[in-house]
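I have placed the structure first, in the form of C-alpha cells, so that the comments after it can refer back to it.
Scope of the values below: all heavy atoms of this structure, side chains included, with no hydrogens, waters or symmetry mates. We count ligands from 1, going down the list as the structure has it; atoms in each ligand are counted the same way.
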Amino acid sequence: MKQEISRVDPPAKQGPVEAEERILIRGGKKLKGTVRVSGAKNSVLKIMAAALLVKGVSVLKNVPNLTDVHMMAEVLRHLGAVVTISEGEVEIDATNVQDFEAPYELVSQLRASFNVLGPLLARFHQAKVSLPGGCAIGERRIDLHEKGLKQLGAEMHIDHGYVYASCKKLVGTRIYLEKPSNGATENIMLAAVLAEGTTIIENAAQEPEITNLADFVNAVGGKISGAGTYTITIDGVKPEDLHGATVETIPDRCEAGTFIYACMATGGEITIEGANPHHLYSVINKAQEMGAEISILAPGTIKVKADGKMKPIDITTVPYPGFPTDLQAPIMSVVACSEGTSIITETIYENRFMQVAELRRMGADIALTGNAAVVKGVPKLMGAEVKASDLRAAAALIVAGLAADGVTEITGLHHLDRGYEKLEDKFRALGADIWRR
Ligand code: EPZ
C-alpha cells in the first residue's frame, strides 16, 4: 500500500479578508458639467513641514482631505506639534516641538516627510530623518539635498537607514543644483530661512508649489525672493522673527490636468473652477494641439470642449514650466484612444510607465523603448479589471475606464486616495457612470 507521505496542511486560511475596495466604471459617457479643483497635495505637504520652523500657530486653507495630509500630520505630531485637521483646513502649533527624529515607519509611508529635514536642522541645528527609500516610480535620490545642506554648514552622514544632520550654525552661501529638484530646493530653502546671511539657490525648481511654500515662509516672517524662477534668494532671519500666519494652498494643477484629459478621452464639455490656468500652460497647450477647445472664462475657470477623436501628440516630461511628469500617465490614456501614433518620453523618473501593462489589458497598443512609449491610438479601449501601481497611474486608469467600452474595475485605490480627494464623486457629478464599492 502506498505509504501516504505526511501531508503538510496548507497554511491556515486567513479569516474573511476584507474585500478590497474597487472603483467600477461603465465607460463611454461624455463628461458634462462643472467641477471644482481641490488644493495642491504637493504644496500642502511642504508647507506643513515648513510650519516646524515657527514657534506659533500656522493655518493652511484650501487643504484637500488626502491620506498623505493625514500622514504628514502624524509625522508632525510625532515631533511634538499639535495638528488639527478640519474641513479644508489644517492648523499646526509647532511651539512645543522638541523632537527632531522622523522615524522610518512614518517616512517610509510618506516620502514627502523627508522635507522636515531642512526645518528641523534650521530650528534645532540637528535632525535624524529616515531615508525615504525608493518607490515604485524610481530611485528618488537625495544626494542634492545632502550636498546643499552641507554647503550651508551641516555635518551629515547616513547610518542604518537614517540621515543624521547637525551643525553649530548654518551660514548662507551660493548653491547650484545640478538638477532642479523640488525636494532639494525645498529642504535647502527652508534650512536657509534661519541661516546667518544670504543663501542663493541657482537652478532652483520653479514649480508653483515652490512659490506657494515661499509665500508661506514670507507670511511667517522669513525673507525669500525669486521663488518660481531659476534663482531663489533667502535672507536669513532670527527664530524670534518668525510668527504664526494663515496661508491659502494653491489649486492642484495635476487634478485640473486630469479633468482636462478625461474630458478629451470621453468627449464632452466641462467647466473647471478653482484652478490656476497660469500653472497649466504646457498642459493646456498640448490639449489644444490635440484638438481640444480650451478657454479661460474668468480667473480660475477653464472651459474644455472636446468632441470626436483627438489628434496624436509627442510629449516629453521636463521640469516646470515644461510638461509635468505627474500628468504623463493621464495623457497616455488619452492618446491610447486618439488618432495616429504618439510618443511619450519620460525624463524625470526611471520607471514611470507602470500604467502601460494595465492599459494594454484594456486594449491599448503601446510599445516601450528605453524611456519612451510609442502609443498607437486604437478606436476604442475595452473595460477590464486593472490595478493601480502608483498615484498617477490610478488617475490614468480612471481616465481610460471613462472612455472605454464596457466596465472597468480598478483596485489599488490606496494609491489614488493619497493624492485625489473623492475623484470618483467629482467624475460622477460630471455625468460619468462611476462608483466605488
Ligand atoms: C516632487 O517630488 C513631487 N512630490 C512629485 O510628485 C513630482 O513628480 C516631482 O516633484 C517632480 O515634479 C511631492 O512634491 C510630494 P524631485 P520630489 O526632487 O521632490 C531626482 C506625485 O505624483 N533627484 O524634483 O521627490 C529624483 O530621483 C509625485 O504627486 C536626484 O537625483 O522630486 C527624480 O528622478 C510623484 N537627487 C528627479 O530628480 C536628489 O537629491 C525629480 O525629483 C533629488 C532628486
Side-chain angles (χ1 to χ4, degrees), residues 38-50 64 66-69 71-72 75 107 109-118 129 131-151 156 158 163 175-190 201 203-213 249-250 252-258 279 282-283 316-330 346-355 371 388-396 415-421 423:
S38 300
K41 161 182 89 84
N42 291 347
S43 223
V44 166
L45 298 177
K46 316 317 175 43
I47 296 175
M48 289 175 75
L66 305 171
T67 50
D68 274 7
V69 171
M71 268 311 297
M72 183 56 97
V75 173
V107 177
Q109 295 178 63
L110 175 66
R111 61 175 309 100
S113 42
F114 191 70
N115 282 74
V116 302
L117 177 60
V129 180
L131 277 168
C135 80
I137 61 176
E139 200 189 344
R140 313 295 293 269
R141 298 184 60 201
I142 56 131
D143 56 312
L144 301 177
H145 299 241
E146 194 177 351
K147 229 176 260 176
L149 294 174
K150 281 180 171 173
Q151 282 183 261
M156 290 177 76
I158 293 171
V163 171
I175 295 167
Y176 169 77
L177 288 177
E178 287 156 50
K179 283 183 193 171
S181 150
N182 280 278
T185 300
E186 291 151 354
N187 254 332
I188 294 164
M189 188 168 82
L190 294 179
I201 305 174
N203 195 27
Q206 303 181 36
E207 273 75 1
E209 292 78 28
I210 301 280
T211 306
N212 201 195
L213 179 60
T249 309
I250 58 173
D252 194 318
R253 57 198 171 96
C254 297
E255 188 186 20
T258 304
H279 299 162
S282 63
V283 172
T316 299
T317 65
V318 289
Y320 192 88
F323 190 87
T325 174
D326 294 346
L327 281 168
Q328 175 259 105
E346 171 60 58
T347 71
I348 306 293
Y349 291 107
E350 312 89 275
N351 185 34
R352 202 172 200 175
F353 282 145
M354 284 176 297
Q355 73 278 4
N371 67 341
S389 50
D390 61 83
L391 168 56
R392 307 302 174 184
H415 292 295
L416 183 73
D417 295 338
R418 289 190 44 219
Y420 291 93
E421 185 177 7
L423 192 59

Completion exercise
For Thr325, the atoms of ligand 1 under 4.0 Å from one of its heavy atoms are 8 (O)
Completion exercise
A student comparing Asn182, Leu144, Leu327 should find that the heavy atom closest to atom 40 (O) of ligand 1 comes from Leu144
Practice task
Measure Asp390 to ligand 1 on non-hydrogen atoms and call it side chain, backbone, both or neither using the 4.0 Å cut-off.
Solution key: neither
Exercise for the section: Could you tell me whether a side-chain N or O of Asn203 sits under 3.5 Å from a main-chain N or O of Leu177, the two making a donor and an acceptor? Expected result: yes
Problem - Sidechain-backbone polar pair: Asn351 side chain, Gly138 backbone, donor-acceptor under 3.5 Å - result: no
Exercise for the section: Select one of side chain, backbone, both or neither to describe which atoms of Glu146 lie under 4.0 Å from any atom of ligand 1, heavy atoms only. Expected result: neither
Exercise for the section: For the pair Glu255 (side chain) and Ser38 (backbone), establish whether a donor and an acceptor sit closer than 3.5 Å, ignoring hydrogens and angles. Expected result: yes
Exercise for the section: Heavy-atom contacts with Asp326 under 4.0 Å: which atoms of ligand 1 show up? List them by number with element. Expected result: 5 (C), 6 (O), 7 (C), 8 (O), 21 (C), 22 (O), 28 (C), 29 (O), 35 (C)
Exercise for the section: Write out the residue and atom name of the closest protein heavy atom to atom 17 (P) of ligand 1, then the distance separating them to 0.1 Å. Expected result: Arg140 NH2, 3.9 Å
Exercise for the section: Could you list the atoms of ligand 1 found under 4.0 angstrom from a heavy atom of Ser181? Expected result: 16 (P), 18 (O), 24 (O), 43 (C), 44 (C)
Completion exercise
heavy-atom search around atom 39 (C) of ligand 1 in the protein gives Arg141 O, 3.0 Å
Problem - Under 3.5 Å: donor-acceptor pair, side chain of Asn187, backbone of His145 - result: no
Problem - Exam field: side chain Ser43 to backbone Thr249, donor-acceptor pair closer than 3.5 Å - result: no
Practice task
Can you sort out which atoms of ligand 1 are near Ile348, meaning under 4.0 Å from one of its heavy atoms?
Solution key: 33 (C), 34 (O), 37 (C), 41 (C)
Fill in the blank from the handout: Out of Arg392, His145, Glu207, Lys179, the nearest non-hydrogen contact to atom 29 (O) of ligand 1 is supplied by Arg392
Exercise for the section: Could you tell me whether Arg111 and ligand 1 have an N or O pair separated by under 3.5 Å? Expected result: no
Problem - Closest approach of Ser113 to Val75 (non-hydrogen atoms, all atoms of both residues) - result: CB-CG2, 3.8 Å
Handout entry: Cationic N near anionic O, under 4.0 Å, Glu209 to Arg253
Key = yes
Completion exercise
atom 36 (N) of ligand 1 has as its nearest protein heavy atom Asp143 OD1, 2.7 Å
Handout entry: Sub-4.0 Å atoms of ligand 1 with respect to non-hydrogen atoms of Arg352
Key = 8 (O), 22 (O), 35 (C)
Practice task
Please report the closest heavy-atom contact between Gly419 and Asp252, naming both atoms and the distance.
Solution key: O-OD2, 4.3 Å
Problem - Per-atom contacts of ligand 1 with Lys41, taking only distances under 4.0 Å to non-hydrogen atoms - result: 21 (C), 29 (O)
Practice task
Give the contacting part of Glu186 toward ligand 1: side chain, backbone, both or neither, where contact means a heavy-atom distance below 4.0 Å.
Solution key: neither
Exercise for the section: Would you name the heavy atoms of Leu391 and His415 that are closest together and state the gap between them? Expected result: CD1-O, 3.4 Å
Exercise for the section: Might you point out which heavy atoms bring Met72 and Ala49 nearest each other, and give the distance in Å? Expected result: CE-CB, 4.4 Å
Handout entry: Distance-only polar pair, side chains of Gln328 and Thr317, donor-acceptor under 3.5 Å
Key = no
Handout entry: Nitrogen or oxygen atoms of Ala184 and ligand 1 under 3.5 Å apart
Key = no
Practice task
Please report the closest heavy-atom contact between Tyr349 and Ile137, naming both atoms and the distance.
Solution key: CB-O, 3.4 Å
Fill in the blank from the handout: For Gly183, the ligand 1 atoms with a heavy-atom partner under 4.0 Å come out as 18 (O), 19 (O)
Practice task
Provide, to 0.1 Å, the distance between atom 9 (C) of ligand 1 and the closest protein heavy atom, together with that atom's residue and name.
Solution key: Tyr349 OH, 3.1 Å
Exercise for the section: Grab the two heavy atoms, one from Gln206 and one from Tyr320, that are nearest each other, plus how far apart they are. Expected result: O-CD2, 3.3 Å
Problem - Side chain, backbone, both or neither: the part of Glu209 lying under 4.0 Å from ligand 1 by heavy atom - result: neither
Practice task
Mark the output for Glu346 as yes if a heavy-atom distance to ligand 1 is under 4.0 Å, and as no if none is.
Solution key: no
Problem - Atoms of ligand 1, numbered as shown, that sit under 4.0 Å from any heavy atom of Lys46 - result: 13 (C), 14 (O), 15 (C)
Practice task
Please determine if Asn42 has a nitrogen or oxygen closer than 3.5 Å to a nitrogen or oxygen of ligand 1.
Solution key: yes
Problem - SB check Arg352 Asp326 (cutoff 4.0 Å) - result: yes
Exercise for the section: Give a yes/no on ligand 1: does Lys147 have at least one heavy atom closer than 4.0 angstrom to it? Expected result: no
